[in-house]
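Written out below as structure tokens is the structure these notes cover.
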Amino acid sequence: MALAARSFRRRHAANRMPNRLSIRTQIALVFTVMLFLVVGVRVVSFRIDSKLIKAFEEIVLVDTPRAGILTELKFYARRMEDEALRLSGSVSTSSISDSKERFAVLFKEIREAGRSYAALSQVENAGSFEFSSAVRASAEEAASLVDILSRARSSGRTGDPSYAAAERQLEEERKELLSLVDRRLAAESEARELKSADVASLKRLAITLSVSVLVFVILSFSYLVFFILAKIIRSIKKLNDAAHDIALGDFSKQVHISSSDELGELALSFNAMAKSLDDAEKARRGLETVASERANDLAKKAREFQEAEIAVTNLLEDAKESEENQRRQAASLKRALDEVHKFASIADQERNTYLLLVASIGEGVIAFDLNRKVTLINKVTENILGYGADELVGGDFEARIKFVHKGKKPLEPEFWERVLREKKPVSLSSDISVVTKGGVEIAVSLVVSPVIDAKDNALRGAILTFRDVREERQLEETRVSFISVASHQLRTPLTSMRWFSEMLLAGDAGALSEDQKHFIERIYEGTDRMINLVSLLLQIARVEARRLKVEPVSTDLKHLTNGVALSLKANLDAKSHKVVVSSEPADLPPVPIDQEIFWQVVQNLLSNAIRYSPEQSVISVSMVKKGDLIEYSVKDQGIGIPDDEKSRIFEKFYRAENALKYVPEGSGLGLVLVRSLVEGWGGRIWFESKEGEGTTFTFTLPVAGMERRQGEVSIAI
């Protein structure tokens with residue numbers, strides 16, 4: 001039950017989204033939307049009412065003053081008639097003058113009324129302005145007619161036909177003015193009727209729009225309420241159906257409601273309750289099963305107890321005998337414990353002796369397991385590296401202890417993997433240094449040996465021993481420098497001796513006797529061997545001093561090998577030897593190599609094969625591509641190398657006993673030079689040999705070729 005409650009709380013917390021909307025919130029949102037819609041309807045209605053009010057204001061505030069002006073113009077037309085009657089009845093000059101002044105005032109008011117009408121009609125059509133212009137023109141015309149009539153009346157020429165014509169024209173102007181006013185009044189009335197119709201139409205539109213929006217709001221509200229109620233009813237129905245199933249005993253029933261409101265939470269609570277009930281029911285059934293099993297066990301144990309009572313009776317009889325046996329077993333156990341303590345004491349002594357021996361070794365000792373974790377170091381290691389035992393033991397070997405080549409290039413991880421994989425000791429003494437805690441590089445001689453369990457021959461790790469060889473390296477560099485200088489100094493006189501010997505043998509100093517010629521030939525051969533020896537020493541000194549420059553050129557290895565064999569054709573023909581060159585694959589791609597260095601290696605190996613093989617032998621040269629490497633092998637059918645001398649074959653000046661007997665002449669430096677050159681380009685050299693059956697020398701060359709290196713001199717002397 002507690003587990004189900006915790007599970008419910010986790011699911012409940014996971015479903016509490018930050019944007020969850022409850023039913024109360026949904027209803028509040030519906031009413032908020034309704035409120036916004038009602039306010040929107042009210043705003044629209046208010047804007048329409050504003051337009052209606054503005055339209056009424058235009059009718060009332062604009063049309064009414066214009067109607068008043070038209071009424072005034074009618075009044076002015078009637079006054080024109082009255083003033084014309086007065087003018088026709090005037091006999092004195094003063095009365096005519098007064099009538100003329102009244103006419104002038106009347107016409108001025110008519111013109112002002114026309115202007116006022118035009119000002120009120122700025123937003124109307126051109127007809128309003130034409131009307132005001134016609135009114136002013138009529139007033140001007142009437143004014144000129146009144147002037148004519150007044151002058152005629154003053155001069156007494158009232159019987160003149162022009163006087164009667166002026167009177168008629170004045171009457172026509174008055175009638176024209178009245179006609180203009182009547183037509184304009186009719187137009188104004190029609191405009192007011194049209195505006196009233198527009199206002200009524202706008203009002204009907206406002207009412208229609210308001211009613212439509214209210215109907216839409218009511219329908220939307222009804223739909224939203226119906227949607228929320230339908231969702232609530234569906235959820236309640238699901239809960240009711242699930243509750244009915246649980247009441248019938250189906251506690252595994254679950255309610256699936258996808259909403260995140262109160263109904264969703266209720267569904268989660270309901271599911272948790274159902275899960276708890278289901279778990280409780282399962283627990284009850286399990287308890288019933290356990291109780292039944294326990295009852296069966298109790299019945300079985302009751303039977304066993306009865307049988308045990310019988311057995312106890314028998315045991316009591318054997319008790320005395322058992323006690324005697326126990327005493328004997330206790331004595332044996334005591335003797336065994338004494339033996340264990342004795343062996344433990346011996347193991348402690350052996351362990352202490354082992355640790356004492358490790359601590360007493362004059363070289364640095366580091367042991368690590370298969371996971372590259374340091375398991376042991378000695379005091380010499382602490383003194384050389386500057387680390388304490390607590391800093392190294394238990395830590396990652398490669399993270400703290402760094403061995404690097406002379407050019408600060410770290411020792412490759414593949415080296416350690418190869419040591420563990422091949423389970424053979426590996427010694428590095430040429431250009432290896434170890435980096436101390438302070439970052440100082442110390443030249444060391446390193447030996448890595450795998451740790452193999454004697455019981456099951458299983459690999460347990462590796463152990464390193466290294467020693468400080470800075471003084472030895474310095475002495476070696478001094479030795480190499482001495483050999484280089486001495487070789488240079490010896491080559492000059494030796495070359496001169498060879499030239500002079502050649503000149504004497506050629507008869508440049510006169511004819512020689514047979515004895516003289518024999519002695520000089522021996523001098524020439526000895527000088528030639530000395531020059532070859534000095535050349536080898538100088539080449540080895542250059543390689544060991546790392547002064548060689550490497551200039552790789554894309555080269556066909558088979559073609560170069562055939563070239564080396566061709567250069568040794570005289571030696572091959574002298575012993576009827578045959579060189580067979582093969583490659584796998586047959587179309588081996590070109591490799592970037594320094595041709596002089598590679599030529600020197602192949603020439604030395606082929607020369608050895610020729611020198612130590614019997615006549616009419618076959619010398620096989622093979623090149624096999626294996627992954628990223630090419631394995632180059634030279635196999636002869638010569639005298640082979642004795643087993644007890646194989647370990648020294650790459651030592652300087654060393655030659656096997658059978659080699660000394662077979663070919664007395666030799667320096668023992670050719671293979672030393674070959675190994676130095678091969679290791680210089682990152683390769684490896686080894687051999688397989690059986691005395692009397694021949695030897696196969698093999699070295700590796702990366703498919704990527706040699707790396708370019710700046711240097712002072714080439715391998716050629």
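Predicted model, so just to flag it, every value in this text is computed and none were measured. Along the sequence shown, residues carry numbers from 1.
- L512 and L504 make their closest contact through CD1-O, 3.2 Å (heavy atoms, listed as atom of the first residue, atom of the second, distance).
- Annotation: the span from L606 atom CG to N571 atom CG amounts to 10.5 Å, rounded to 0.5 Å.
- Expressed to the nearest 0.5 Å, how far CG of D556 lies from CD1 of I593 amounts to 9.5 Å.
- Here the side chain of E521 pairs no donor or acceptor atom with the backbone of H518 at under 3.5 angstrom.
- Side chain of K635 to main chain of Q637: no donor-acceptor pair is present (N/O by atom type, distance under 3.5 Å, no hydrogens or angles).
- Taking a 6.0 Å sphere around CD of Q595, one finds it holds more than 12 heavy atoms contributed by other residues, nucleotides or ligands.
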(message) Determine whether V591 and V703 satisfy the following criterion, side-chain contact (heavy atoms from CB on, under 4.5 Å), listing intermediate values before the conclusion.
(response) CA-CA 6 Å; V591 181; V703 173; 5.6 Å; no
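- Aromatic rings from W686 and F650 are positioned such that their centres are separated by 6.0 Å or more.
- Two residues are said to be in side-chain contact when any heavy atoms from C-beta on lie closer than 4.5 Å; D396 and R372 meet this criterion.
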(request) May I have the step-by-step check of side-chain contact (heavy atoms from CB on, under 4.5 Å) for V435 and V404, ending in yes or no? (result) CA-CA 7 Å; V435 181; V404 298; 4.1 Å; yes
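- Residues P450 and L459 meet the side-chain proximity criterion, which asks for heavy atoms closer than 4.5 Å.
- Crowding of E502 atom CD: a count of heavy atoms from other residues, nucleotides or ligands under 6.0 Å exceeding 12.
- Minimum heavy-atom separation, R648 to Y654: O-CD2, 3.2 Å.
- The main-chain N or O of D643 is never found under 3.5 Å from a side-chain atom of K690 such that the two would form a donor-acceptor pair.
- At a threshold of 4.0 Å, the pair K373-D369 does not count as salt-bridged, since none of the basic side-chain nitrogens sits closer than that to a carboxylate oxygen.
- The two residues V451 and I463 come nearest to each other via the heavy atoms CG2-N, 3.9 Å.
- With values rounded to the nearest 0.5 angstrom, E691 atom CD is found 9.5 Å from K646 atom NZ.
- The backbone N or O of T700 lies less than 3.5 Å from a partner atom in the side chain of W681, making a donor-acceptor pair.
- Using a 4.5 Å heavy-atom cutoff, the side chains of E391 and K437 are in contact.
- Residue V634 forms a side-chain contact (heavy atoms from CB on, under 4.5 Å) with just one option from I619, N604, T695, and that option is I619.
- Here the two rings, on Y632 and F598, have centers that are under 6.0 Å apart.
- Between the side chain of R708 and the main chain of K549, no donor-acceptor pair closer than 3.5 Å is present.
- What you find for F466 and V365 is that their closest heavy atoms are CE2-N, 4.4 Å.
- By the 4.5 Å heavy-atom criterion applied to side chains, N378 and I366 are not counted as neighbours.
- Under a 3.5 Å cut-off, the side chain of T436 and the backbone N or O of V440 do form a donor-acceptor pair.
- When side chains are defined from C-beta on, V678 counts as touching V674, because their heavy atoms get closer than 4.5 Å.
- Annotation: the span from K558 atom NZ to D587 atom CG amounts to 8.5 Å, rounded to 0.5 Å.
- The shortest heavy-atom contact between P552 and E707 is CG-C, 4.1 Å.
- The closest side-chain heavy-atom distance from V672 to E651 is not below 4.5 Å.
- Although no hydrogens or angles enter the test, the distance criterion places a donor-acceptor pair under 3.5 Å between the side chain of H577 and the main chain of P614.
- Side-chain contact between R467 and V380 is absent, with no heavy atoms from C-beta onward closer than 4.5 Å.
- With sequence neighbours excluded, no residue forms a ring pair (Phe, Tyr, Trp, His ring centres under 6.0 Å) with Y612.
- Annotation: the span from Q603 atom CD to L673 atom CG amounts to 10.5 Å, rounded to 0.5 Å.
- For A656 against P642, the heavy-atom pair with the smallest separation is CB-CD, 4.2 Å.
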(message) One pair to check against side-chain contact (heavy atoms from CB on, under 4.5 Å): V447 and L464. What are the steps and the verdict?
(response) CA-CA 6 Å; V447 177; L464 289 73; over 6 Å; no
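- Between E551 and R709 there is no salt bridge, since no side-chain nitrogen of the basic residue lies less than 4.0 Å from a carboxylate oxygen of the acidic one.
- Ion pair E514/K517 not flagged as a salt bridge, since none of the NZ, NE, NH1 or NH2 atoms sits closer than 4.0 Å to an Asp/Glu carboxylate oxygen.
- Counting only distance, with no hydrogens or angles, the side chain of N658 and the backbone of G640 share a donor-acceptor pair below 3.5 Å.
- A donor-acceptor pair is defined here as one N or O able to donate and one able to accept, closer than 3.5 Å; no such pair exists between the side chain of T555 and the backbone of L557.
- With respect to the salt-bridge test (charged N to carboxylate O, under 4.0 angstrom), the residues E615 and K575 do not qualify.
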(message) For a side-chain contact (heavy atoms from CB on, under 4.5 Å) check, start with the C-alpha distance between F687 and T696, then their side-chain angles and the critical distance, and finish with the verdict.
(response) CA-CA 5 Å; F687 65 88; T696 302; over 6 Å; no
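- Between the CD1 atom in I520 and the OG1 atom in T527 there is a gap of 11.0 Å [rounded to 0.5 Å].
- Remark: the backbone N or O of S513 is paired with a side-chain donor or acceptor of Q516 at under 3.5 angstrom.
- The closest side-chain heavy-atom distance from F697 to L671 is below 4.5 Å.
- A salt bridge links E382 with K379: the distance from a Lys NZ or Arg NE/NH1/NH2 to an Asp or Glu carboxylate oxygen falls below 4.0 Å.
- In D628, the CG atom is not crowded: 12 or fewer heavy atoms of neighbouring residues, nucleotides or ligands sit closer than 6.0 Å.
- For the side-chain contact (heavy atoms from CB on, under 4.5 Å) test with Q600, the passing option among L677, D594, L605 is L677; the others fail.
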